[in-house]
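Read the structure below first, then the notes.
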Amino acid sequence: MFDPYYLQQLAIGLSQGVIYALMAIGFTLIFGVLNVVNFAHGEIYTLGAFVGLLVITALAPPLLVVVLVVAAVGAAFGVGLERIAFKPFRRFSDEASLKSRAMRESTLMSSLAVSIVAREGLELAFGSQMQTLPFDQLINKPIALGPITIVTGDVIIFAVAAVMLIGLQWLLTRTRVGLAIRAVSANPLGAKYVGIDTDRTIILTFAIGSMMGAAAGVLVGLYYGAIFPAMGFVPGIKAFVAMVMGGLSSIPGAVICALLLGLSEGLATTFISSNWADMVAYGFLIVTLIFFPQGLFGAGRERV
Amino acid sequence: MTLIRRTFIGLALAAPVLFVASADAADAIRLGYQLPLTGNTAQYGQDFKTAAEIALDRFNASGRLPVKVEIVYEDSRSDAKEGVAIARKFVDDEKIVGVLGDFTSGVSIAAAQVYKEAGMPQLSQTASHPDFTKISEWQFRNITTQAGEGPYNANWILSKGYKKVAVIAEQTDWGQSVVQYFAAELAAKGGTVVFTEFFNRGLPDFRALITKIQRDKPDAIYTGFFYEDGANFLKQAKQLGVTTPIFSTSAAHNQKIVELAGADAEGLSLTTNFLPNSPRPEVKNFVDAWVKARGAEPGQFPAQAFDAVNIMLDAVVKTYPKTTRASVREALAATKDFPGVTGLTTFDANREPQKQLSKARVIGGQFTAVSE
């Protein structure tokens with residue numbers, strides 16, 4: 001008989017992986033699929049959690065309503081972020097600017113700047129300490145499945161991540177909007193020449209991705225029961241690692257790699273020690289970059 | 001000629017103004033406080049600042065000195081490089097006669113090298129690393145170290161009949177000292193440490209670690225964490241159905257842990273030297289002032305900061321009017337039975353505070369003194 005201890009550890013690792021995946025989906029849509037360097041996704045996630053706190057304390061609505069409201073606000077944040085940090089770099093539409101890597105990658109700094117301002121703003125408004133969400137709203141009630149224990153949040157987060165993943169795959173491969181997103185990502189100039197409204201497509205992608213980021217923030221906040229202004233940093237890094245390992249442009253690839261990351265961290269804690277868990281995760285990133293420069297699931301692209 | 005005359009007139013007019021200004025500035029005695037006001041540990045620094053402001057306002061209102069005392073606050077962000085830069089700045093300011101802080105042992109030790117060279121008394125409210133006060137005769141602290149707390153807790157746990165103890169602590173110098181002193185005493189008194197592991201500070205998910213602890217079936221769990229990690233740990237332990245009693249150090253003594261973990265914090269046992277619901281008048285006064293400023297009860301760290309500032313101010317009073325860095329150091333070293341909110345404080349020959357520890361447990365959402 002397999003020791004239930006290992007089953008429990010696998011379950012915990014998987015649930016960690018699902019949490020990373022939830023963050024990685026929106027992140028990969030903007031950063032990987034649309035091919036726009038965006039380092040403010042972690043703050044969208046944090047903002048989502050804080051908006052969730054405000055909505056819950058003000059109205060105490062059921063969970064589904066909270067997530068929908070936060071997603072809507074997240075979409076608005078996404079549009080705002082795009083307007084402040086990305087739009088100004090697209091004001092020249094001549095061929096040289098559109099092809100320029102420097103123009104494209106300067107959003108690295110502008111998005112980072114927005115993220116710092118957002119984080120410090122939250123610290124000023126809410127303080128840097130952890131805030132608790134109302135206990136009766138948390139999604140961490142234990143569920144016993146034979147010898148192993150999971151919590152309600154594991155099921156909810158898994159379901160939400162699955163819906164996001166399937167929805168996005170459908171959007172990207174079966175709709176005209178998805179076609180436009182892929183066209184803009186492959187060749188912005190070409191997309192423009194064939195009559196795609198590139199600005200609208202980019203704004204829409206930001207709205208969708210940020211919507212997912214904000215929803216992820218509030219769900220993870222409710223899962224752990226604590227939110228704080230710096231909470232987006234570590235998940236942001238993990239999502240980035242999952243995206244790069246998954247081959248940048250592949251959302252299913254990022255999800256699978258997020259699950260792998262969670263599992264490997266769980267197993268590292270089980271067999272080595274908890275403080276080596278991060279090392280294992282980042283070790284995977286280095287191994288992937290050395291042996292699979294295109295990522296595990298990626299098609300070729302010229303840039304990492 | 002006119003130029004010279006104008007200059008003279010100008011000087012004559014300016015002279016009284018200059019004189020008054022310099023006399024005013026010379027009168028005020030200045031202290032430095034280096035602490036994290038932004039960054040990851042900002043919440044602690046903000047607490048220290050509030051505590052220091054309460055102490056200073058009271059002191060200046062009491063008229064114990066004919067001159068005012070000022071405190072200069074500098075933000076170290078809990079960064080050792082910043083800490084050293086601030087230390088240089090404080091040392092260069094001739095009017096500063098003593099320094100409080102920093103928050104973490106790491107930054108305090110880094111800054112201490114500067115204070116050692118320059119001969120500036122430094123009193124940290126929280127630096128508990130054993131090496132801190134060994135740096136030079138200028139370093140003092142107002143926190144009992146794990147050398148005192150670890151054995152105290154080991155004996156407490158053994159007296160409850162728990163022999164097999166699992167120990168976890170954060171992966172820092174401080175966390176290492178939590179494990180080291182506790183394990184040594186426990187082994188010496190016939191108990192066994194069945195499990196030891198360190199975790200990275202800020203770990204959101206302790207479940208894999210908790211599952212691992214459960215596998216070794218300890219009688220009790222001893223933990224070295226601060227309240228944020230503590231709250232996560234307690235919540236997730238409850239989720240996984242852990243019923244083993246959990247013990248901790250005074251670092252986890254903060255009402256926030258109850259706020260964050262709610263009912264899951266129930267039964268957490270720890271040592272402390274400050275209980276906000278103590279009936280002693282000085283404690284009540286401080287807690288009232290704190291609640292007015294912050295809205296919630298203070299934890300152990302703000303209380304230590306409050307006492308540290310008062311001990312420093314007391315040293316200034318004792319040396320006045322011959323207040324210099326050296327005389328303040330002498331006065332600090334001579335501190336004996338200082339009545340603070342964290343009990344009576346005496347500095348021993350190694351500039352370590354001797355304080356009375358007491359036992360507390362979370363009962364009904366409150367840290368309650370227990371005698372067992």
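Predicted model only: the values in this text are computed from it and were never measured. Per chain, numbering begins at 1; letters A, B, ... match sequence-line order.
- Residue B/Leu203 touches chain A through its side chain alone, counting heavy-atom pairs closer than 4.5 Å.
- The 12-atom threshold is exceeded at CZ of A/Phe126, counting heavy atoms of other residues, nucleotides or ligands nearer than 6.0 Å.
- Contact count against chain A (heavy-atom pairs under 4.5 Å) is highest for B/Asp205 among B/Asp205, B/Thr41, B/Leu209.
- With a 4.5 Å cut-off on non-hydrogen atoms, B/Gln171 touches chain A through its side chain but not through its backbone.
- Per-residue heavy-atom pair counts under 4.5 Å with chain B were compared for A/Gly127, A/Pro142, A/Ser273, A/Ala11, and the maximum is reached by A/Ser273.
- Contact of A/Ala226 with chain B is made through backbone and side chain together, with heavy-atom distances under 4.5 Å.
- For CZ of A/Phe233, the number of neighbouring non-hydrogen atoms (other residues, nucleotides, ligands) closer than 6.0 Å is 12 at most.
- Taking OH of B/Tyr227 as the start and CE of A/Met130 as the end, the distance is 8.0 Å to the nearest 0.5 Å.
- For a heavy-atom cut-off of 4.5 Å, chain A lies close to B/Lys256, B/Glu259, B/Leu260, B/Ala261, B/Gly262 in residues 255-262 of chain B.
- Taking CG of A/Leu124 as the start and OG1 of B/Thr38 as the end, the distance is 10.0 Å to the nearest 0.5 Å.
- Going from atom CD of B/Glu197 over to atom CG of A/Asn275 covers 6.5 Å, rounded to the nearest 0.5 Å.
- The heavy-atom pair separating B/Thr211 from A/Tyr5 by the smallest distance is O-CE1, 3.6 Å.
- Residue-environment remark: CZ (A/Phe39) exceeds the threshold of 12 foreign heavy atoms within 6.0 Å.
- Screening A/Ile150, A/Ile143, A/Val151 against B/Gln239 for a side-chain contact (heavy atoms from CB on, under 4.5 Å) leaves a single residue, A/Val151.
- A/Phe135 touches chain B through its side chain: at least one heavy atom from C-beta onward sits under 4.5 Å away, while N, CA, C and O do not.
- Looking at A/Glu123, only its side chain comes within 4.5 Å of chain B, counting heavy atoms on both sides.
- The shortest distance between side-chain heavy atoms of B/Gln236 and A/Tyr224 falls below 4.5 Å.
- Between the CD atom of A/Gln9 and the NZ atom of B/Lys212 there is a distance of 8.0 Å, given to the nearest 0.5 Å.
- Heavy atoms of A/Gln131 lying under 4.5 Å from chain B belong exclusively to its backbone.
- Within a 6.0 Å sphere centred on NZ of A/Lys141, heavy atoms belonging to other residues, nucleotides or ligands number more than 12.
- Residues B/Asn200 and A/Ser274 approach most closely at ND2-O, 4.4 Å, considering heavy atoms.
- Heavy atoms of A/Thr270 lying under 4.5 Å from chain B belong exclusively to its backbone.
- Rounding to the nearest 0.5 angstrom, the gap separating the CZ atom in B/Phe206 from the OG1 atom in A/Thr269 is 11.0 Å.
- For the residue pair B/Arg207 / A/Ser15, a side-chain donor-acceptor distance below 3.5 Å is found, with atom types taken as modelled.
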